[in-house]
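Structure first, commentary second.
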Amino acid sequence: MNLFDIIGPVMIGPSSSHTAGAVRLGNMARNILGEEPRRARIVVYNSFAKTGRGHGTDKALIAGLLGFAPDDERIRTSFEEAGKRGLVYELVAGEDDDSLHPNTALFVLEGNTRKTEVAGCSIGGGRVKITAIDGFEVDFSGEYPTIITVHRDRPGIVARVTTHLAEKGFNIAQMRVSRKTKGEQALMIIETDEPLPEGIKEVLESIEDIYRILIILPA
């Protein structure tokens, strides 16, 4: 247990799970999109849908999409800030779903050049878990430096990435590979113990059959 577990995050709002966690979810979804979101459809489920508005969850989710931190005073006025930036958004309450965490949100995002769909949940104390990206099942927290690859599902890709990290002295804390169909597109999540150096994104992008690299830094 660390200090974060005991006193909770530095934050604006009444609830670490419904407010600080919601901001972090929005931030993670924004980072996974990899550019300024222009359109957003956010579906909230279970407790997020039932009690979220009273805790400011709706404003917190939008604040995260705008890149605000959990202690940013502008969370209170995030709807107005979204208007200033030209973010068109829609917040929708989903049906109750016992298979999902009580504080779950699904982001359908569109930027100038990319689209993505990110699902995640706020698990308490301001912590979050991303559970799906573009239909791939994933499981990571964003608390570690994280590399996400979208690549062709073929032998050698995973080994080339992990070998490069090992040669540079990086210790892999967790790794998971997901695919929808054998031999087609796959998604790999690698969390490392050490901060990632500048330029690693470009190096990994040069590996054949890797379509996209995302670097998610702890926030």
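We're numbering straight along the sequence, starting at 1. The model shown is predicted, which means the values in this text are computed figures rather than measured ones.
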Minimum side-chain heavy-atom gap [X]-[Y] below 4.5 Å:
| X | Y | value |
| --- | --- | --- |
| Arg39 | Glu90 | no |
| Pro70 | Arg24 | yes |
| Thr162 | Met175 | yes |
| Leu109 | Ile32 | no |
| Leu214 | Asn31 | no |
| Thr116 | Ile133 | yes |
| Phe107 | Met28 | no |

Gap between atom [atom2] of [Y] and atom [atom1] of [X] - 0.5 Å precision:
| X | Y | atom1 | atom2 | result |
| --- | --- | --- | --- | --- |
| Met188 | Ser178 | CE | OG | 11.0 Å |
| Asp209 | Thr149 | CG | OG1 | 11.0 Å |
| Arg30 | Leu87 | CZ | CG | 9.5 Å |
| Glu205 | Ile213 | CD | CD1 | 6.0 Å |

Would you mind telling me which of Leu106, Ile62, Val92, Val108 makes a side-chain contact (heavy atoms from CB on, under 4.5 Å) with Ile42?
Ile62

Answer yes when [X] and [Y] have at least one side-chain N-carboxylate O distance shorter than 4.0 Å, and no when they do not.
| X | Y | result |
| --- | --- | --- |
| Glu36 | Arg85 | yes |
| Asp153 | Lys182 | no |
| Asp134 | Lys115 | no |
| Arg38 | Glu110 | no |

Any donor and acceptor pair, going by atom type alone, linking the side chain of [X] with main-chain N or O of [Y] inside 3.5 Å?
| X | Y | value |
| --- | --- | --- |
| Ser141 | Lys129 | no |
| Thr163 | Arg160 | no |
| Asn103 | Ile123 | no |
| Thr51 | Ser47 | yes |
| Asn27 | Phe68 | yes |

Would you please test Glu35 and Thr113 for side chain to side chain donor-acceptor pair (under 3.5 Å) and show each step?
CA-CA 8 Å; Glu35 60 185 36; Thr113 63; 2.5 Å; yes

Count the heavy atoms of every other residue, nucleotide or ligand shown that sit under 6.0 Å from CD of Glu208, and state whether that count exceeds 12.
no

Around Tyr144, counting heavy atoms of other residues, nucleotides and ligands shown, do more than 12 lie under 6.0 Å from its OH?
no

Evaluation steps, salt bridge (charged side-chain N to carboxylate O under 4.0 Å, His left out), between Arg127 and Glu143:
CA-CA 8 Å; Arg127 288 195 166 94; Glu143 295 175 17; 2.9 Å; yes

Is the terminal nitrogen or CZ of Lys180 (NZ for Lys, CZ for Arg) located under 6.0 angstrom from the six-membered ring centre of Phe136 and within 45° of that ring's axis?
yes

Shortest non-hydrogen contact from Val138 toward Arg176:
C-NH1, 4.3 Å

